Each structure stands twice: as structure tokens, then as C-alpha cells.
*Asks:* 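Below is one structure. I have some questions about it.
Protein chains get the first letters and strands the later ones, always in sequence-line order, with residue 1 at the start of each. Quantities reported herein were computed from a predicted structural model and do not represent experimental measurements. These values consider heavy atoms only, across backbone and side chains, with no hydrogens, waters or symmetry-generated copies.
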Amino acid sequence: MTAPPRWRVVGADGSGIVVVDLDEDLRETGRTRGDVVDLAIAASAAPATTRWVWSDTARWYPQLLAHGVTAARGHDLRLCHAILRDSAWTPEASDLRGAVVWDAATAEPSDGAPALFDLDDGEAGAVGVPNGVDAAVDEFRRQRAALAGSTDPARLELLLAAESAGALIAAELHAAGVPWSREVHEGILEETLGGRPAAGELAPRVRELGAVVRAALGDPAASLDSQPKLLRSLHRVGVLAESTSRWELARFDHPAIGPLLQYKKLTRLANANGWTWLDEWARGGRFRPVYVPGGVVTGRWASSGGGALQLPRQLRPAVRADPGWTLIVADVAQLEPRVLAAMSGDRALAEAARGRDLYDGLVERGIVDSRQEAKIAMLGAMYGATTGDSGRLVPALRRAYPRAMGLVDEAARLGAEGGVVTTWLGRTSPGVSDGWRDAQGRAGAPDATEADRARARRSAGDRGRFTRNFVVQGTAAEWALAWLGSLRTELAQLPAVDAASGGEATASGPVFSRRAHLCFFLHDEIIVHAPLGQADLVAEAVRRSAARATQILFGAFPLDFPLDLRIAPDATKD
DNA sequence: AATACAAGCGCG
DNA sequence: AAAGCGCGCTTGTATT
């Protein structure tokens with residue numbers, strides 16, 4: 001047990017914010033009454049090692065950013081509470097688990113109960129966690145104690161820091177926004193859909209295709225947007241599909257199918273990312289999605305609003321740097337298989353992947369016959385495929401890389417038995433529900449029916465595939481957070497451009513309009529918006545950060561995480 | 001009229 | 001082609 005840290009409180013009462021410097025032995029110096037602006041002024045003079053401890057980054061940080069203040073380091077009590085509460089590495093943290101008010105945000109009422117908290121600005125993430133300084137101090141103390149009492153404080157502390165840095169970055173990404181070209185987007189829409197329709201009307205290409213499909217179906221009134229009706233229309237012309245999904249329809253040979261698939265593609269674009277989306281989400285030359293750090297149980301981020309995680313590749317050309325600026329677009333090649341190799345210590349798999357495309361490495365070693373097969377096999381191994389091509393190819397991987405495959409197989413076994421699994425840094429999967437356990441129990445009873453047993457087998461299998469994937473997806477998310485956090489620190493050290501030197505301010509807000517900054521993140525990919533003159537420096541920083549993330553998580557394990565990196569004014573993916 | 005759910009498809 | 005994991009969003013339909 002380490003001694004409880006002492007801290008300096010410069011936060012405002014009611015703000016839920018405490019500023020802590022764990023690197024120095026600071027005594028509490030008192031609190032100031034005041035608003036966030038006072039706090040921002042006070043904190044802007046704080047040393048770079050200052051760690052902001054607050055109830056909920058999403059609740060407080062946007063206001064600081066709006067006042068031009070960034071936080072170098074953070075500790076998000078809400079997110080860290082969830083990690084420590086669930087981690088299998090903190091078995092003794094019962095007082096922390098008892099502090100249920102800190103669970104409020106993750107257990108949002110679904111029964112329509114009115115919110116119990118007073119929201120003045122409707123900020124996302126501002127849910128029922130306590131906002132007082134005393135509550136924050138108490139919770140922080142509990143978290144430090146839980147950490148100190150854990151079976152691996154070093155890794156868990158790394159995770160808490162990474163999660164909290166992610167929370168800072170999520171707020172910053174929203175504040176900065178993705179530079180978005182309305183012109184390019186509209187050009188794509190017009191070329192594909194044929195011009196903006198009046199409200200309530202269909203775009204020309206959609207209307208034309210609809211007519212073609214109806215003609216081919218021999219039914220001028222056929223409904224193409226209602227699945228049951230469409231299915232009946234298809235049956236009438238002999239297309240005996242069981243669903244209207246693209247995959248199934250594509251197997252039938254009928255003149256209606258081609259235009260119908262095209263119709264579905266176009267309506268999807270028009271509905272999800274058409275002119276309405278553009279008006280709502282790309283105002284002022286910026287797409288500002290709401291990121292939700294820790295929104296997925298595995299530790300991945302979720303998003304809410306704008307569909308940040310689903311931007312169709314088709315629209316990526318609309319991501320366009322401002323004049324005088326450029327984009328550094330980087331993604332990690334085969335992040336999850338590499339993570340699996342590293343966390344399992346599988347040197348054979350690492351050897352196959354080092355310095356090259358991992359899938360090519362498998363082909364070269366004769367494990368599978370083609371890159372495509374390698375990819376299918378590897379994904380199948382991590383997702384728990386049992387049938388089809390994927391299931392067929394997995395055994396070859398299991399023979400070649402027993403150590404890596406053993407790790408995911410063991411995770412699946414534990415999950416199927418109702419156990420929990422844990423990522424490399426200590427994030428633990430949720431436990432089973434009572435219903436799940438009951439179903440397993442019923443299947444074992446003497447009077448169990450075949451249906452009972454089938455249901456239990458199925459739910460056990462489902463859960464096994466979930467925990468199998470959890471360890472890999474979750475550790476990959478940790479690597480990505482370490483990459484992001486490290487990169488963020490590096491970018492903060494680049495000089496700001498000033499107007500005198502020819503650099504142009506952008507629409508990215510008071511903090512980011514003159515600095516290279518992250519503007520997009522999606523699981524294994526980042527985009528940095530940077531002044532033209534800093535592109536190469538940023539690219540180096542991006543690569544260095546990836547290497548640093550690998551070193552932070554996996555030390556000297558001999559495996560690299562190569563990046564596909566482009567410097568370009570737009571984010572088109574090839 | 002409001003809400004819940006399933007299907008389908010976009011992303012990794 | 002879909003399969004095996006994790007998401008968000010829109011639509012139409014069913015339910016209340």
C-alpha cells in the first residue's frame with residue numbers, strides 16, 4: 001500500500017473538479033468559490049504535470065476548451081470507477097463497489113424515469129455522477145486505495161491514465177471537428193443521387209431506379225422500402241428469398257435484383273449521409289461527432305450523433321484540410337492479430353508479422369494459400385467462427401500458432417463457463433446475468449428438455465465468442481489509447497503557427513485553430529489536421545507514438561505495429 | 001401518439 | 001459471398 005496522496009484543490013465548489021499533482025507532495029491549499037472561468041484562469045498557470053481529477057471529463061472539459069484552456073493530464077472519476085469496480089485485479093475494493101452513485105452514468109434508466117440531476121447545458125456524458133468537490137475527493141481516495149490494493153497496480157494505473165487521456169482527447173476531437181468540405185460532399189451526392197430533392201421528395205436517381213425495379217417486378221405500386229412488402233413482390237416474380245438483405249438477394253438472377261441493390265445503396269446514402277446530414281452535422285466546415293470514451297464494454301469508444309463510426313468510405317474525400325493545412329492519415333495494419341501475438345507471447349506469430357503484412361507472412365509460411373484466406377482465418381480465430389470457409393481455415397492457424405490461439409480459446413472457454421476475462425491492462429469483461437446462469441442451471445436439471453439444453457449451449461457459445469473477442473478487442477483498444485495519448489503529448493510540443501508567419505487560423509476553435517491537432521479517431525485509425533509546414537514532423541510523431549504505445553504495453557517483445565500513413569489534403573482511402 | 005423492436009447496412 | 005466480434009442510425013412495423 002502506498003500512502004494516500006495529498007493534493008491541492010483549486011477547483012470550484014460544485015464544479016466536481018480537483019486538480020492534483022501526484023508528482024509533488026502538495027498540501028491542500030483550499031478551495032475557491034467560483035465558476036469554470038475562474039478555474040480556467042487558476043489552472044492555466046498550473047504546471048504541466050498537473051493532473052485534473054474530475055467527476056466527468058465530458059461534463060467539464062468542453063467548457064475549459066471553450067475558454068482556451070487545455071488539460072495536460074486527467075483522471076476521469078466516472079470512467080476510472082467503472083474500470084476499477086469491474087476489474088478482476090481489484091478483488092478487495094469493496095468500498096469502491098459500494099459507491100454506487102458513481103455508477104449512475106453507466107446504468108442509465110431505461111424505464112423512462114426522469115433524470116435526477118440538474119443539467120444546465122445538456123452536455124452529453126453529463127449524467128448522475130456527483131459534482132461536489134468533497135465527493136470527488138472521496139472517490140479519488142477510494143480509487144487510489146483500490147489501485148494500491150490491486151494485483152497489478154502498474155498496469156491498471158496505465159489503463160486509468162490511458163482511459164482518462166482518451167476522455168480528454170474525445171472532448172478535444174469534438175471541439176476541433178473534422179474539416180469537412182460541403183462542396184466535395186455535395187458533389188458526391190449530386191453525382192450519385194442526381195441533385196437535391198425538395199423536402200419529402202426522392203432524389204432523381206432514386207426515383208428512376210425505383211421505377212426500373214417496379215417495372216421489373218411487374219408491379220407499378222410495389223413498395224421497395226417495406227421489407228415484408230418487398231419480399232412478397234419478389235416472391236411473386238419467383239425470387240424466393242427469405243430476407244431482403246443484400247447478400248441473399250445477390251444470389252438470385254432476376255432483372256429486378258441489380259437495380260434493387262443499387263436502389264438500396266442509394267437510399268442508404270441519401271438517408272444516412274445525404275443533404276440533411278450535411279446540414280445538421282457539417283456546419284461551419286466541421287463535422288463534430290460526439291465520441292463516447294469507454295462506451296463499449298471492451299474499452300472501445302462508441303459515438304452518439306452523426307455516426308462518426310460509420311462514415312462511409314465513399315464520403316472520405318469530403319474530409320479536407322483547410323487552406324495552408326494538410327492531413328496526416330494513419331491506420332495500424334492488422335492491429336488485433338498483432339495485439340494477440342504480443343499478449344500471448346507468441347513469437348512465431350510475431351516473427352511472421354514483423355516488418356511486413358501479417359497476412360502475407362502467413363501465406364509465405366504456407367499456413368494458408370492466399371492473403372484473403374489468411375485474413376478470413378485470423379478474423380475467424382478471433383471471432384470464434386466455426387462454420388464456412390473461416391471455420392475451416394482456423395485449425396491451420398491453431399496448429400501453427402498454438403500459443404496465440406490458445407489464449408483466445410482459453411478466453412472462450414472461460415466465458416462459456418460463466419467466468420470473466422481481462423485485457424492486458426486489466427479491463428474485465430462483465431459478469432454473467434442471473435438469467436444466463438439460470439438457463440445453464442436448467443439445462444443440467446434432470447427434467448431438462450432438449451430445448452433447454454439447446455438454449456444453454458447457444459448462450460454459452462455466444463458468451464464464449466464474446467469473451468474470446470473481448471481480450472483482443474479490448475487490448476487493441478488499450479494500444480490505440482496509448483498511441484493517441486502519446487501522440488497528443490507530442491503534438492502539444494509542436495509550435496503554434498502565428499498569423500505573422502503566414503499560418504492561417506482555421507475553424508477549429510480557440511485551442512486548435514493554430515496548432516496541429518488530432519481531428520478523427522476510429523478504433524485503429526487517426527487523422528491529424530496540421531499546418532502544411534509541420535506535416536513531416538507530425539508524421540514522425542505519429543510513427544514514434546505507435547512505437548511508444550507498443551513499448552508501453554508490451555515492453556521489448558519483438559513485434560512492430562506498422563502504420564499505413566499518408567500525408568494529403570484529403571482523407572481518401574485507397 | 002408515443003415507444004420498442006427487428007431488419008438492414010454503414011464502420012472497425 | 002458469409003461467417004465469427006463490437007458498435008450507431010434509419011426505416012417500417014408492432015405494441016401500447
*Asks:* Mind checking if A:T267 touches a base, just sugar-phosphate, or nothing, with heavy atoms under 4.0 Å?
*Replies:*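 Since no nucleic acid heavy atom lies under 4.0 Å of A:T267, the category is nothing.
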*Asks:* Under 3.5 Å, is there a donor on one side chain and an acceptor on the other for A:Y359 and A:Q372?
*Replies:*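 No, A:Q372 and A:Y359 have no side-chain donor paired with an acceptor closer than 3.5 Å.
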*Asks:* With a 3.5 Å cut-off and no angle check, do the side chains of A:T244 and A:Q227 form a donor-acceptor pair?
*Replies:*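 Looking only at side-chain atoms, A:Q227 and A:T244 do not form any donor-acceptor pair under 3.5 Å.
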*Asks:* If I take atom CD in residue A:E242 and atom P in nucleotide B:dG8, what distance separates them, rounded to the nearest angstrom?
*Replies:* 11 Å
*Asks:* Using the six-membered ring of A:W483, assess whether NZ or CZ of A:R548 lies under 6.0 Å from its centre and within 45 degrees of the ring axis.
*Replies:* no
*Asks:* Does A:S181 have any side-chain hydrogen bond (donor to acceptor under 3.5 Å, both in side chains) partners at least two apart in sequence or in another chain, and if so, which?
*Replies:* none
*Asks:* Which whole-number value in Å describes the distance from A:L230 CG to B:dA6 P?
*Replies:* 21 Å
*Asks:* Using a 3.5 Å limit for the pairing distances, which stems of at least 3 consecutive Watson-Crick or G-U wobble pairs does DNA chain C take part in?
*Replies:*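 Result, WC/G-U stems under 3.5 Å: B:1-12 with C:5-16.
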*Asks:* In whole angstrom, give the distance that lies between atom CZ of A:R313 and atom C1' of B:dC11.
*Replies:*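 To the nearest whole Å, that distance equals 9 Å.
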*Asks:* Rounded to the nearest angstrom, tell me the gap between atom CZ in A:R392 and atom P in C:dA1.
*Replies:* 18 Å
*Asks:* Does A:F466 have any ring-ring contact (aromatic ring centres under 6.0 Å, His included) partners at least two apart in sequence or in another chain, and if so, which?
*Replies:*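 Expected list: A:F470.
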*Asks:* For nucleotides 4-14 of chain C, give me one character per nucleotide, 5' to 3': B if any protein heavy atom sits under 4.0 Å from the base, S if the only such contacts are to the sugar-phosphate, - if neither.
*Replies:* BBBSBSSSSS-
*Asks:* In whole Å, what is the span from the CG atom of A:L269 to the C1' atom of B:dG8?
*Replies:* 16 Å
*Asks:* Measure from CG on A:L261 to C1' on C:dA1 and round the result to the nearest Å.
*Replies:*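 In whole Å, C:dA1 C1' and A:L261 CG are 13 Å from each other.
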*Asks:* Which glycosidic conformation, syn or anti, is assigned to C:dG4 if syn requires a torsion within 90° of zero?
*Replies:* syn
*Asks:* Taking atom types as modelled, is there a side-chain donor on A:T423 or A:T475 under 3.5 Å from an acceptor on the other?
*Replies:* no
*Asks:* Looking only at side chains, do A:D86 and A:T428 share a donor and an acceptor under 3.5 Å apart?
*Replies:* no
*Asks:* May I have the distance from A:E248 (atom CD) to C:dA3 (atom P), rounded to whole angstrom?
*Replies:*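 Between P of C:dA3 and CD of A:E248: 10 Å.
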*Asks:* What pairs with A:L335 under side-chain contact (heavy atoms from CB on, under 4.5 Å), at least two apart in sequence or on another chain?
*Replies:* A:V332, A:V339, A:A476, A:W479, A:D524, A:F561
*Asks:* Check for me whether A:R463 meets the cation-pi criterion with A:W436, that is, NZ or CZ under 6.0 Å from the six-membered ring centre and within 45 degrees of the ring axis.
*Replies:*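 Geometry flag: set, cation within 6.0 Å and 45°.
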*Asks:* Hey, can you pull the residues of residues 420-435 of chain A with a non-hydrogen atom under 4.0 angstrom from DNA chain C?
*Replies:* none
*Asks:* Do the ring centers of A:W277 and A:F287 come within less than 6.0 Å of each other?
*Replies:*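 Ring centroids of A:W277 and A:F287 are less than 6.0 Å from each other.
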*Asks:* Starting at atom CD of A:E525, determine the distance to atom C1' of B:dC11, rounded to an integer number of angstrom.
*Replies:* 10 Å
*Asks:* Contact class for A:D389 vs. all strands (heavy atom < 4.0 Å): base, sugar-phosphate, or nothing?
*Replies:*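 It contacts base atoms.
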*Asks:* Looking just at side-chain N and O atoms, do A:D225 and A:Y263 make a donor-acceptor pair shorter than 3.5 Å?
*Replies:*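 Judged by distance alone, the side chains do pair up.
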